[in-house]
Trainee: 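Sharing a structure with you now.
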Amino acid sequence: MAEWVDACATGDVDAEDVIRFDHGARTFVIIRDHEDNYYCTDGLCTHEDVHLEDGLVVEATIECPKHSSIFDCTSGEVETPPACENLCTYPVKVDGGRVFVEI
Amino acid sequence: MSGMVIIGAGECGVRAAFALRMQGYAGEITLIGAEAALPYERPPLSKFGETKPICAVEAYQDKAITLRLGEPVRGIDRATRSVSLAGGETLDYDCLLLATGARARLFPGMDGCLTLRTDKDAQSILSQLHRDARIGIVGGGFIGLELAALARSAGAEVTVFEAAPRLLGRAVPPQIAQVLQDRHLAEGVSMMLGTGVSSANATRIVLADGKVLDFDAVIAGVGALPNTDLAETAGLDVQNGIVVDGDFRTSDPHVFAAGDCCNFDWRGQRVRLESWKAAKDQGEHAASAMLGQSDAYSKGPWFWSDQYDLGLQVTGIFDLAAPIRHRNTGGGTTVVFQIDSVGTLRAAAGIGPMNTTSKDIRIFEKLIERGTAVDADALADPEQNLKRLLKAA
């Protein structure tokens with residue numbers, strides 16, 4: 001069952017940046033775009049399981065640090081290969097300066 | 001029936017095929033590969049020895065891309081705009097893309113050494129990499145060093161022979177090459193720098209000074225040669241690769257070439273790149289040009305290497321004779337860059353554990369592609385946020 005989990009403080013993620021968030025045995029990233037919207041996706045790139053915590057965020061996209069696959073943070077869709085599969089995304093809400101994700 | 005024909009089913013040819021469809025081309029797309037395997041990624045071959053398809057066979061079916069695998073091409077008839085397959089069949093084309101790649105080079109006197117280019121080559125090499133096997137590697141370039149790391153990880157005894165006084169002398173600044181050299185030494189690889197090899201075979205290396213050394217296997221990583229035979233026979237202009245213009249068009253307006261096999265202009269310099277990223281970018285660009293769209297090619301050269309847990313990324317093309325600046329990033333990482341005479345960023349490289357320098361290098365890559373003047377002192381200052389510098393550029 002998915003549940004809302006307190007992932008981090010809003011200020012833990014810089015604007016247009018990303019941090020890693022581990023929960024149980026799973027790993028995610030929390031992304032903040034240029035307009036201070038927050039997103040949560042799976043932590044590993046769908047191409048070669050490289051962690052996206054070192055990825056470059058530009059507006060609402062994240063680029064894998066290894067082979068430059070680019071994903072749309074809002075939908076998880078692949079914008080640029082080599083990745084073939086979309087990233088899973090998870091609902092996010094911001095409340096009282098905390099970022100909650102439904103995972 | 002005519003259509004788009006692509007010769008070569010590596011990264012470049014595959015990306016070109018998909019890009020043609022993505023850009024709305026509705027005609028026939030035929031992708032011809034000499035190897036029988038479903039098109040696969042080459043970079044992992046030297047890093048993990050594994051074969052990973054570029055995409056599933058269904059992806060080609062979805063986009064109505066016809067695969068002709070295991071079918072070498074016999075020749076190109078430019079007058080009739082057709083390609084003849086070794087099996088005798090003839091395919092007509094409206095536009096043809098040569099994405100024939102490169103093949104491993106061997107110097108005279110190096111018969112029987114293992115080389116790496118294909119999945120089969122990787123399997124042959126991998127079968128030799130076991131504990132205590134004595135592996136001799138000729139060439140301290142990327143292939144040699146990645147295989148040295150792979151062989152050490154398997155417990156083999158590894159000796160690398162490099163004729164030049166340092167590793168990676170062709171494309172990588174000395175500060176970065178030193179990090180890799182130190183790491184290989186720490187891992188127990190024997191590095192024989194400034195050591196010429198006069199001949200070699202499957203199990204023996206003879207040095208320039210006459211010394212004879214025996215191994216369980218000898219691997220040669222001494223460069224690659226562009227596959228230009230088809231182009232030359234067809235009368236296209238070939239000079240260290242198939243010569244193309246800014247749209248990756250050859251001397252025939254209906255024939256394009258991209259990837260490792262082509263020689264193109266990068267900011268006033270004729271270059272031929274052997275890189276996964278260039279293959280992908282150029283294949284996509286050539287596809288646009290085949291459909292009559294013509295934007296200037298602006299993608300920065302970029303490549304990476306993985307050795308042990310070190311990740312290296314290089315963007316742009318260094319002038320190794322000119323000064324190189326250091327961005328003191330600390331934390332076991334090294335980042336260097338170079339400014340050209342007009343004040344724009346020319347190249348950058350970073351190395352560190354895993355992907356620790358990749359964000360920096362990606363921003364440097366964007367600065368190179370932008371081609372505007374940069375503040376070298378700010379780039380060198382680790383206190384300066386690179387993304388902010390990118391936004392200001």
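The structure displayed is predicted, hence computed values, not measured ones. Numbers restart at 1 for each chain; the letters A, B, ... are given by sequence-line order, proteins then strands.
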Trainee: Using 0.5 Å steps for rounding, measure from the OG atom of A/Ser68 to the CD atom of B/Gln313.
Mentor: 7.0 Å
Trainee: Is it true that A/His67 and B/Glu41 share a donor-acceptor pair across their side chains at a distance under 3.5 Å?
Mentor: no
Trainee: In Å, rounded to the nearest 0.5 Å, how long is the span from CD of B/Glu365 to CG of A/Leu56?
Mentor: 10.0 Å
Trainee: When you compare the side chain of B/Pro44 with that of A/Glu48, does any pair of heavy atoms fall below 4.5 Å?
Mentor: yes
Trainee: Between B/Lys391 and A/Glu16, does any NZ, NE, NH1 or NH2 come within less than 4.0 Å of an OD or OE carboxylate oxygen?
Mentor: yes
Trainee: Can you check whether B/Arg15 reaches A/Pro82 side chain to side chain, under 4.5 Å on heavy atoms?
Mentor: yes
Trainee: Does a side-chain heavy-atom distance below 4.5 Å link B/Ser358 with A/Lys66?
Mentor: no
Trainee: Using non-hydrogen atoms only, which part of A/Glu63 is less than 4.5 Å away from chain B: side chain, backbone, both, or neither?
Mentor: side chain
Trainee: When you compare the side chain of B/Lys359 with that of A/Val18, does any pair of heavy atoms fall below 4.5 Å?
Mentor: yes
Trainee: Is any side-chain heavy atom of B/Met354 closer than 4.5 Å to a side-chain heavy atom of A/Val50?
Mentor: no
Trainee: Strictly distance-based, threshold 3.5 Å: is any side-chain N or O of B/Arg362 a donor or acceptor partner for the main-chain N or O of A/Gly55?
Mentor: no
Trainee: Could you tell me whether the side chain of A/Glu53 reaches within less than 4.5 Å of the side chain of B/Asn355, counting heavy atoms only?
Mentor: no
Trainee: To the nearest 0.5 Å, what is the distance between CG on B/Asn385 and CG on A/Asp14?
Mentor: 8.0 Å
Trainee: Checking B/Lys387 side chain against A/Val57 main chain: does a donor-acceptor pair fall under 3.5 Å?
Mentor: yes
Trainee: Out of B/Leu390, B/Asp306, B/Ile54, B/Val14, return the one with the most heavy atom pairs under 4.5 angstrom to chain A.
Mentor: B/Asp306
